[in-house]
Amino acid sequence: MATKNLFLSYTLLLTLLHLVVVHEALNSGPYPLVVSTWPFLDAVRAAWRAVDSGFSAVDAVVEGCSACEELQCDGTVGPGGSPDENGETTIDALVMDGVTMEVGAVAAMRYMKDGIRAARLVMQHTKHTLLVGEQASAFALSMGLPGSTNLSSSESLGKWSKWKENRCQPNFWQNVVPINSCGPYHPRDSLDLTKGACSKAKLMETIESRSSLIGLHNHDTIAMAVIDRMGHLAVGTSTNGATYKIPGRVGDGPIAGSSAYADDEIGACGATGDGDIMMRFLPCYQVVESMRLGMEPKLAAKDAISRIARKFPDFVGAVFAINKNGKHAGACHGWTFQYSVRSQEMDDVEVFTVLP
């Protein structure tokens, strides 16, 4: 009997030691990890609280982006943010599961303040990827999200009023008349479409117009990536889109591969900047595929940005990249970029600065 009791005690000890080793393994190394565009510290903290408590990467991304919407980060995320040409605020959002490659997104969503939660409902309860406009709002409402509400605020309407007083300048129209006043706009009759190329003067006009519209506080997105305790990846985004955009415009925020992308086997990416340009290159898909081919995050990020800059030297944008081991880096063009990180080794969120 004594021998049997000794054996049982030894077995119990081995079991306890195994549990301790497993617990230490799950709480060491690069996991969990939260990375976000810009110094959106409270949003990163919200995501960290979720993932550090054992929630999934998707759960944490939704919590982080939702916090940013509630906080109206930089006045370009959530209700009360960037107005369009009619003074209305709308929301674009996306969530992507790096395990299943499922995506849910909403674009140009009116009257509903919970963009990232609506995007997750698209992923959970439909076989679609993207819903848009008032139909996206109706879907979110039918799924139980609170609404309907006016997303404009006194701040956004004040900004819009000053823009109108400035003769609606700058704006996103080109090759139209009138040139230096508010619409309605019509095609420029004198435009010679037979030449097949813009004159140098027209090209410079376009460059100056885009440059004056894109900046940190009028063209911003929260893009967030999370690696959870199991090593699984997810990404999410939320934005009001470009300030004074033409109503109906959809930028890169809800486009998988452009504003964000995740693949459990490789890593993830988040982007911010001139979405109309960036979405033509799918920079985050490019980053992840470059890492798949063996590039380190820093080189993959720089390569994706340089591909855009070669074609559009005046563009403004940035990406961050993380591989599945938690190594991260960023790259930018046209502005100084900052991204935020929280990991096990950190006492709080740390901000990394990337120079163009």
Side-chain angles (χ1 to χ4, degrees), residues 33 35-40 74 76-77 92 94 96 98 203 206-225 233 235-239 241-242 250-263 266-341 350-356:
L33 178 72
V35 183
S36 168
T37 51
W38 306 117
F40 297 148
D74 267 356
T76 59
V77 178
D92 301 339
L94 168 147
M96 181 174 187
L203 176 61
T206 301
I207 289 174
E208 290 171 3
S209 177
R210 292 206 70 85
S211 299
S212 64
L213 279 165
I214 312 305
L216 178 59
H217 298 292
N218 66 359
H219 204 94
D220 205 1
T221 301
I222 179 170
M224 177 177 286
L233 278 154
V235 290
T237 70
S238 185
T239 181
V250 174
D252 66 331
I255 306 301
S258 187
S259 65
Y261 196 73
D263 186 329
I266 307 300
C269 167
T272 183
D274 188 346
D276 289 298
I277 298 298
M278 297 178 77
M279 66 194 299
R280 303 169 191 176
F281 294 82
L282 298 179
C284 277
Y285 177 79
Q286 182 65 56
V287 165
V288 173
E289 290 306 301
S290 293
M291 291 194 294
R292 189 188 306 277
L293 295 175
M295 282 191 188
E296 289 294 307
K298 185 175 183 178
L299 182 57
K302 285 186 174 182
D303 175 71
I305 290 295
S306 68
R307 288 169 184 260
I308 306 173
R310 283 197 295 269
K311 297 289 186 178
F312 294 91
D314 66 306
F315 110 95
V316 174
V319 299
F320 68 75
I322 61 171
N323 64 20
K324 64 180 181 180
N325 298 317
K327 188 173 183 179
H328 57 83
C332 61
H333 183 84
W335 58 7
T336 297
F337 173 55
Q338 292 183 306
Y339 67 97
S340 304
V341 180
E350 295 184 11
V351 177
F352 294 78
T353 299
V354 183
L355 300 178

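Nothing here was measured: the structure is a model prediction, and the numbers come from that model.
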Chemist: Would you name the heavy atoms of S258 and D252 that are closest together and state the gap between them?
Modeler: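 Distance-wise, the nearest heavy atoms are OG-CB, 3.1 Å.
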Chemist: Where do G251 and D92 come nearest, in terms of heavy atoms and distance?
Modeler: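 For G251 and D92, the tightest heavy-atom pair comes out as N-OD2, 4.0 Å.
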Chemist: Excluding sequence neighbours, so at least two apart, what forms side chain to side chain donor-acceptor pair (under 3.5 Å) with S259?
Modeler: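 S259 satisfies side chain to side chain donor-acceptor pair (under 3.5 Å) with no residue once adjacent residues are dropped.
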Chemist: What residues form a side chain to side chain donor-acceptor pair (under 3.5 Å) with Y339, not counting sequence neighbours?
Modeler: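 Testing Y339 for side chain to side chain donor-acceptor pair (under 3.5 Å), a comparison that skips the adjacent residues, returns H328.
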Chemist: So, N323 side chain and N325 main chain: donor-acceptor pair closer than 3.5 Å or not?
Modeler: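 Yes, N323 side chain to N325 backbone: donor-acceptor pair under 3.5 Å.
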Chemist: Taking only residues two or more places apart in sequence or in another chain, which ones pass side chain to side chain contact (heavy atoms under 4.5 Å, CB included) with F315?
Modeler: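 Applying side chain to side chain contact (heavy atoms under 4.5 Å, CB included) to F315 gives I277, M278, I305, I308, A309, F312, H333.
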Chemist: Can you give me the closest heavy-atom contact between T37 and F337, atom names plus distance?
Modeler: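 Answer, listing the atom of T37 first, then F337: CG2-CZ, 4.0 Å.
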Chemist: Just wondering, do P356 and T336 contact through their side chains at under 4.5 Å, heavy atoms?
Modeler: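 Answer yes - side chains close enough.
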Chemist: Nearest 0.5 Å, what's the CD1-CD1 distance between I266 and I322?
Modeler: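 It is 12.5 Å, given to the nearest 0.5 Å.
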Chemist: Working to the nearest 0.5 Å, report the span between OG1 of T272 and CH2 of W335.
Modeler: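 Atom-to-atom, T272:OG1 and W335:CH2 are 4.5 Å apart.
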Chemist: Donor-acceptor pairs under 3.5 angstrom involving side-chain atoms of residues 295-302: please list them, not counting sequence neighbours.
Modeler:
{"from": "E296", "atom 1": "OE1", "to": "K327", "atom 2": "NZ", "distance (Å)": "2.8"}

Chemist: Starting at OG1 of T239, measure out to CG of L94 and round the result to the nearest 0.5 Å.
Modeler: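 If we round to the nearest 0.5 Å, T239:OG1 and L94:CG are 12.0 Å apart.
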Chemist: My understanding is that only residues two or more places apart in sequence, or in another chain, count here; which of them pass ring pair (Phe, Tyr, Trp, His ring centres under 6.0 Å) with F320?
Modeler: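 F320 satisfies ring pair (Phe, Tyr, Trp, His ring centres under 6.0 Å) with no residue once adjacent residues are dropped.
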Chemist: Walk me through whether F352 and V341 qualify under side chain to side chain contact (heavy atoms under 4.5 Å, CB included).
Modeler: CA-CA 8 Å; F352 294 78; V341 180; 3.6 Å; yes
Chemist: CD of Q338 to CG of L355: how many Å apart, nearest 0.5 Å?
Modeler: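 It is 9.5 Å, given to the nearest 0.5 Å.
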Chemist: What pairs with D303 under side chain to side chain donor-acceptor pair (under 3.5 Å), at least two apart in sequence or on another chain?
Modeler: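 Checked D303 against side chain to side chain donor-acceptor pair (under 3.5 Å); matches are R307.
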Chemist: Compare every heavy atom of C269 with every heavy atom of V235, then report the nearest pair and how far apart it is.
Modeler: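 Scanning both residues, the minimum pair turns out to be CG1-O, 4.0 Å.
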Chemist: Which pair of non-hydrogen atoms, one from A268 and one from L233, has the smallest distance, and what is that distance?
Modeler: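 What the structure gives for the nearest pair is CB-CD2, 3.9 Å.
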Chemist: So, taking the atom named CG in D263 and the one named NZ in K324, what distance separates them when rounded to the nearest 0.5 Å?
Modeler: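 Rounded to the nearest 0.5 Å, the CG-NZ separation comes to 9.5 Å.
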Chemist: At their closest point, which heavy atom of F40 faces which heavy atom of S340, and how far apart are they?
Modeler: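 In terms of heavy atoms, the two residues are closest at N-OG, 3.8 Å.
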